[in-house]
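Have a look at the structure below before the remarks.
Per chain, numbering begins at 1; letters A, B, ... match sequence-line order.
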Number of protein chains: 2
Amino acid sequence: MVTIYDIAKKAGCSSSTVSKALNNSSTISKKRKEEIIAIAKLMGYVPNSNARQLATKNSWSIGILFSEDLNIGLEHHFFGGVLEAFKTYVEDLGYEVTFVSKKVGHQSLSYLEWCKYKNVDGVFIVTVDVDDVNLKELTESGIPIVTVDNGVLNVPTIISDNYQGTRMVLNYLRLKGAKNIAHIAGPMRSFAAQERIDAYRDVLTKAGVEIDEKLIIEANNYDFNSGKNALYQLVSQYGGVPDAIYAASDDIALGAIRALKELGYKVPEDVCVVGFDNIELTKYTSPALTTIAQDKVKIGREAAKHLIALINHEIESTPGIVKRVPVELVIRESTK
Amino acid sequence: MVTIYDIAKKAGCSSSTVSKALNNSSTISKKRKEEIIAIAKLMGYVPNSNARQLATKNSWSIGILFSEDLNIGLEHHFFGGVLEAFKTYVEDLGYEVTFVSKKVGHQSLSYLEWCKYKNVDGVFIVTVDVDDVNLKELTESGIPIVTVDNGVLNVPTIISDNYQGTRMVLNYLRLKGAKNIAHIAGPMRSFAAQERIDAYRDVLTKAGVEIDEKLIIEANNYDFNSGKNALYQLVSQYGGVPDAIYAASDDIALGAIRALKELGYKVPEDVCVVGFDNIELTKYTSPALTTIAQDKVKIGREAAKHLIALINHEIESTPGIVKRVPVELVIRESTK
DNA sequence: TTGTACGCGTTATCAA
DNA sequence: TTGATAACGCGTACAA
């Protein structure tokens with residue numbers, strides 16, 4: 001490893017002069033500076049992150065909280081996409097991105113301890129078990145934090161505009177002539193699920209439609225099988241099929257469609273179905289799914305922007321939703 | 001921030017004694033040790049990563065090379081899943097996981113420079129543009145590296161057993177009575193694509209089947225549209241449809257199925273189609289896809305194991321495939 | 001404009 | 001068993 005001392009020796013100057021040259025200080029002659037930079041390059045000098053951070057007390061690093069305790073992880077297209085956009089944005093600003101861990105060497109640490117250990121400038125909570133005992137300690141620590149929808153609400157949150165999405169779905173379905181529109185909600189522990197069901201009620205009520213509670217059902221989870229089960233329950237409690245179904249996720253919608261097929265119904269002829277997310281493959285299912293597209297890239301980027309602003313003290317941390325990202329209605333074959 | 005000096009003051013001893021207590025040295029009395037640990041806990045002491053790493057010259061950190069220059073990224077289920085399994089494994093051993101970046105602060109760095117800057121113990125190449133000029137420098141640097149299939153072959157590689165998978169597909173299809181079996185290969189810049197097409201040729205030849213070059217076609221990419229286009233080309237060059245199609249990825253298979261439908265063919269009645277990957281949603285498409293399941297978790301974990309062994313000098317680095325992970329044939333509705 | 005000297009928080013050596 | 005003291009590599013007052 002070549003250090004600034006090695007360079008100093010070769011350049012015939014002191015280490016501090018080298019340091020100045022490398023950090024383009026203004027208190028150094030242009031000639032010396034270029035000379036030193038040339039030598040540094042020649043010798044293959046690379047600064048040492050630890051020494052630099054120790055001296056400056058400045059980490060330029062961001063922690064990612066991505067818990068795999070849940071059955072939702074990196075491979076989940078939505079969170080994966082959001083994280084990628086986030087990473088791209090902050091790396092371009094010169095930050096490094098490290099996963100928050102619960103261990104360092106042989107020692108176990110809490111999230112907060114790890115963040116202090118690494119002296120991260122901020123944390124992006126992507127997914128986390130909201131019941132994790134370590135979580136509260138972290139969110140209340142004062143370290144800049146942002147999150148995307150995942151139920152942690154005492155932290156600045158970037159989230160899709162669920163109301164807008166729901167309104168677009170319902171208006172579209174009603175325009176198409178659907179009278180009774182059911183809603184298969186996501187699990188209520190998810191904030192997005194709550195927002196969507198609230199919006200469903202609100203939009204219909206404002207449109208003068210009386211809410212039929214039999215048309216509402218909560219899925220156990222966001223996945224395919226939960227959607228399938230929910231559909232069976234819905235048909236049973238409603239005593240038949242509605243004109244249309246608004247599902248809280250694409251996976252739920254696909255599960256519902258599968259159940260409908262099993263029951264002998266056709267989509268969209270007998271029932272229209274709309275999902276939420278716009279995951280890649282819904283383009284290719286048959287019928288291709290009409291859905292609300294969430295803007296993963298924008299969500300990730302907005303989360304990054306917000307976190308950087310917090311880090312730079314340009315804004316104050318305010319718990320709850322700080323940014324709503326517009327969604328889009330993508331019309332395909334599952335509605336007519 | 002509380003340091004070992006603060007603890008030393010409170011405990012009435014020297015900082016070096018504190019250090020010993022905290023690192024469970026054997027040259028310290030049990031009583032002192034417990035006393036100091038108690039005080040440290042009371043004061044909320046957390047060690048400083050930078051200072052420790054600077055002193056020990058030991059980083060306990062692994063870099064992840066995950067390039068988003070390609071149109072394949074974190075949101076890709078396969079690589080996302082592999083990375084997650086990798087991360088879980090190494091974090092449990094006490095390593096921290098950081099994305100390799102091309103910038104630090106305002107300065108641009110090559111991959112290798114970044115790795116030196118951070119002093120990482122090893123690198124896991126998940127995805128990368130194989131033509132990246134920075135890549136060679138990194139792979140030849142001597143830093144422990146592993147990768148999974150992505151075309152970088154001068155590095156220890158963990159990969160699915162493509163031969164086994166191909167053989168299972170072909171045997172199965174032939175058993176079902178398929179005479180002419182087409183292969184829609186992946187792009188040849190991918191090593192897995194090459195392996196699969198080679199296996200296709202070899203297995204059939206060994207079974208006494210003469211290879212009909214008209215039954216082979218290379219898709220431009222691994223995605224849906226490439227599969228769709230490839231199918232049209234295949235039908236055109238073959239002058240009809242074969243009994244069965246073995247596609248190099250699920251996305252390709254789904255694209256092919258879509259094209260077949262457009263042409264008025266039924267799957268599996270007229271043509272059987274088999275994919276490769278077993279991505280989540282293929283369970284739910286109609287027809288549900290018969291495919292070869294890749295074991296993402298095992299691949300990620302094996303990559304982790306191998307890298308750790310390299311880091312610990314338990315093994316030597318050998319370029320090329322170091323581990324083949326078994327695959328599994330998952331039979332669903334797209335074959336009969 | 002340059003160099004000296006010290007601090008960042010920790011580990012490690014060696015003498016006490 | 002404990003405690004000075006010197007690294008580790010870098011940045012930065014402050015003096016020259």
Fill in: Lys/Arg-Asp/Glu bridge criterion (N-O < 4.0 Å) met for B:Glu113, B:Lys116
no
Practice prompt. In plain terms, say whether B:Asp131 and B:Arg189 are close enough for a salt bridge, that is, a side-chain N and a carboxylate O under 4.0 Å apart.
Written response: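 Answer for the salt bridge query: no.
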Response to the item:
Nearest heavy-atom approach of A:Lys118 to B:Ser49 is NZ-OG, 3.2 Å
Worksheet item: Taking all non-hydrogen atoms of both residues, which atom of B:Leu65 and which atom of B:Val128 are closest, and how far apart?
Response: CD2-CG2, 3.9 Å
Worksheet item: Is the A:Phe99 ring parallel, tilted or perpendicular to the B:Phe99 ring (thresholds 30°, 60°)?
Response: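 A:Phe99 and B:Phe99: tilted rings.
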Item to complete: Name the orientation class of the two ring planes belonging to B:Phe124 and B:Phe86 (parallel below 30°, tilted from 30 to 60°, perpendicular beyond 60°).
Response: parallel
Item to complete: Extract, from 5' to 3' on DNA chain C, the first and final nucleotides lying under 4.0 angstrom from some heavy atom of chain B.
Response: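 Range of nucleotides within reach of chain B: C:dG9 to C:dA12.
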Fill in: Partners passing ring pair (Phe, Tyr, Trp, His ring centres under 6.0 Å) against A:Tyr222 (at least two apart in sequence or in another chain)
none
Discussion item. Across nucleotides 2-10 of chain D, 5' to 3', mark each nucleotide with B, S or - according to how protein heavy atoms within less than 4.0 Å reach it.
Written reply: BBB---BBB
